[in-house]
Undergrad: 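Got a structure for you, questions after.
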Amino acid sequence: MILDEIRKLKIEIDDLQLKVDSFTTTSAIRYDKECVQTSPSGDSLEKSVIRLIEDKDKLSGLKNKYEFLCSIIDMNRYTKRQKEFISLYYLKACPMKKCCLLMKTNYNNLCNIKKRIEC
């Protein structure tokens with residue numbers, strides 16, 4: 001189902017975005033140690049930067065695919081409550097428990113909504 005694919009894609013995008021955002025090229029120098037401090041080796045730094053560029057390119061491609069898949073969903077066929085669930089669970093990739101809190105309902109009701117959507 002396309003909504004499941006969108007959810008998996010959103011999770012992958014979020015994970016990759018976190019990896020890209022947390023990228024650092026410098027390391028701290030500890031002056032309280034007696035050992036010799038060296039700068040990062042050029043080869044290691046180069047590989048890290050190349051991986052960052054590849055991750056950014058992959059992230060861009062995933063975001064384009066996500067936008068395309070979201071654009072082909074016909075939201076008019078769903079009720080207001082189903083649209084709210086689709087937005088939270090599939091498009092924003094929130095866990096079911098968080099959806100329960102945000103939608104102020106119980107887990108069983110959301111499971112029923114999910115089953116109706118998947119039909």
Side-chain angles (χ1 to χ4, degrees):
M1 185 171 158
I2 192 168
L3 289 173
D4 290 323
E5 188 176 343
I6 289 173
R7 179 175 166 76
K8 288 176 188 172
L9 199 54
K10 176 64 174 157
I11 292 169
E12 187 177 354
I13 288 169
D14 290 346
D15 290 344
L16 191 54
Q17 185 69 56
L18 185 63
K19 182 180 175 185
V20 167
D21 290 345
S22 66
F23 177 79
T24 59
T25 58
T26 59
S27 59
I29 297 174
R30 294 190 56 187
Y31 293 102
D32 61 336
K33 295 286 184 180
E34 292 293 324
C35 64
V36 176
Q37 298 289 331
T38 59
S39 61
S41 72
D43 194 37
S44 172
L45 180 61
E46 181 181 350
K47 288 178 183 176
S48 295
V49 172
I50 288 171
R51 272 195 306 273
L52 175 65
I53 293 168
E54 289 170 349
D55 287 345
K56 283 184 177 182
D57 288 343
K58 182 178 179 183
L59 185 60
S60 177
L62 291 174
K63 285 180 178 180
N64 289 338
K65 184 177 179 182
Y66 174 83
E67 292 297 324
F68 171 74
L69 291 176
C70 288
S71 70
I72 61 174
I73 298 172
D74 181 18
M75 295 296 277
N76 294 325
R77 59 184 278 220
Y78 300 108
T79 66
K80 182 181 176 185
R81 198 79 167 142
Q82 289 172 334
K83 288 177 188 178
E84 185 180 6
F85 178 74
I86 289 170
S87 174
L88 291 172
Y89 184 73
Y90 291 106
L91 303 182
K92 294 180 183 174
C94 292
M96 284 288 274
K97 288 189 178 188
K98 186 173 181 182
C99 292
C100 289
L101 291 172
L102 294 171
M103 294 179 68
K104 298 179 174 92
T105 190
N106 63 36
Y107 191 85
N108 288 338
N109 287 343
L110 289 188
C111 288
N112 289 334
I113 290 173
K114 186 177 179 194
K115 284 178 190 174
R116 279 185 244 124
I117 289 170
E118 292 175 348
C119 292

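In what follows, residues are counted from 1 in the order of the sequence shown. Keep in mind that this is a model prediction, so the values were computed, not measured.
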Undergrad: Give the cluster check for Leu18 versus Leu16: same hydrophobic cluster or not, with ILVMFWY residues linked at side-chain heavy-atom distances below 4.5 Å.
TA: no
Undergrad: Without swapping roles, check the side chain of Ser71 against the backbone of Phe68 for a donor-acceptor pair under 3.5 Å.
TA: yes
Undergrad: I'd like to know if Leu3 and Ile72 are part of one continuous hydrophobic network [Ile/Leu/Val/Met/Phe/Trp/Tyr, side-chain heavy atoms within less than 4.5 Å].
TA: yes
Undergrad: State, with a plain yes or no, whether a side-chain heavy atom of Phe85 is found less than 4.5 Å away from one of Met96.
TA: yes
Undergrad: Which value, rounded to the nearest 0.5 Å, describes the distance between Leu69 atom CG and Ile2 atom CD1?
TA: 4.5 Å
Undergrad: Apply salt bridge (charged side-chain N to carboxylate O under 4.0 Å, His left out) to Glu54 and Arg51, showing your working.
TA: CA-CA 5 Å; Glu54 289 170 349; Arg51 272 195 306 273; over 6 Å; no
Undergrad: Which pair of heavy atoms, one from Tyr89 and one from Cys94, lies closest together, and at what distance?
TA: CD1-O, 3.4 Å
Undergrad: Shortest non-hydrogen contact from Leu88 to Cys99?
TA: CB-SG, 3.7 Å
Undergrad: In this structure, which one of Leu102, Asn109, Asn108, Leu101 forms a side chain to side chain contact (heavy atoms under 4.5 Å, CB included) with Thr105?
TA: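 Of the listed options, the one satisfying the test is Asn109.
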Undergrad: Quick one: side chain to side chain contact (heavy atoms under 4.5 Å, CB included) partners of Asp14, sequence neighbours excluded?
TA: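 Applying side chain to side chain contact (heavy atoms under 4.5 Å, CB included) to Asp14 gives Lys10.
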Undergrad: To the nearest 0.5 Å, what is the distance between CD on Gln17 and CG on Leu62?
TA: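 Going from CD on Gln17 over to CG on Leu62, the span is 10.5 Å.
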Undergrad: Between CG of Asp4 and CG of Leu9, what distance do you get to the nearest 0.5 Å?
TA: 12.5 Å
Undergrad: How long is the gap from CG on Asp55 to NZ on Lys19, to the nearest 0.5 Å?
TA: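 Result: 4.0 Å between the selected atoms.
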Undergrad: Side-chain heavy atoms under 4.5 angstrom apart, residues restricted to Ile, Leu, Val, Met, Phe, Trp, Tyr: same cluster for Ile11 and Leu59?
TA: no
Undergrad: With side chains defined as the heavy atoms from C-beta onward, is the minimum distance between Glu84 and Tyr78 less than 4.5 Å?
TA: no
Undergrad: Would one find more than 12 heavy atoms of other residues, nucleotides or ligands at under 6.0 Å from atom NZ of Lys65?
TA: no
Undergrad: Given side chains that start at C-beta, do those of Met1 and Ile117 come closer than 4.5 Å, heavy atoms only?
TA: yes
Undergrad: Return the NZ to CD1 distance between Lys58 and Ile13, rounded to the nearest 0.5 Å.
TA: 10.5 Å
Undergrad: On a heavy-atom basis, which atom in Asn106 and which in Cys100 lie closest, and how many Å separate them?
TA: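 In this case the closest contact between Asn106 and Cys100 is C-SG, 3.8 Å.
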Undergrad: If you measure from CE on Met103 to CG on Leu110, what distance do you get to the nearest 0.5 Å?
TA: 5.5 Å
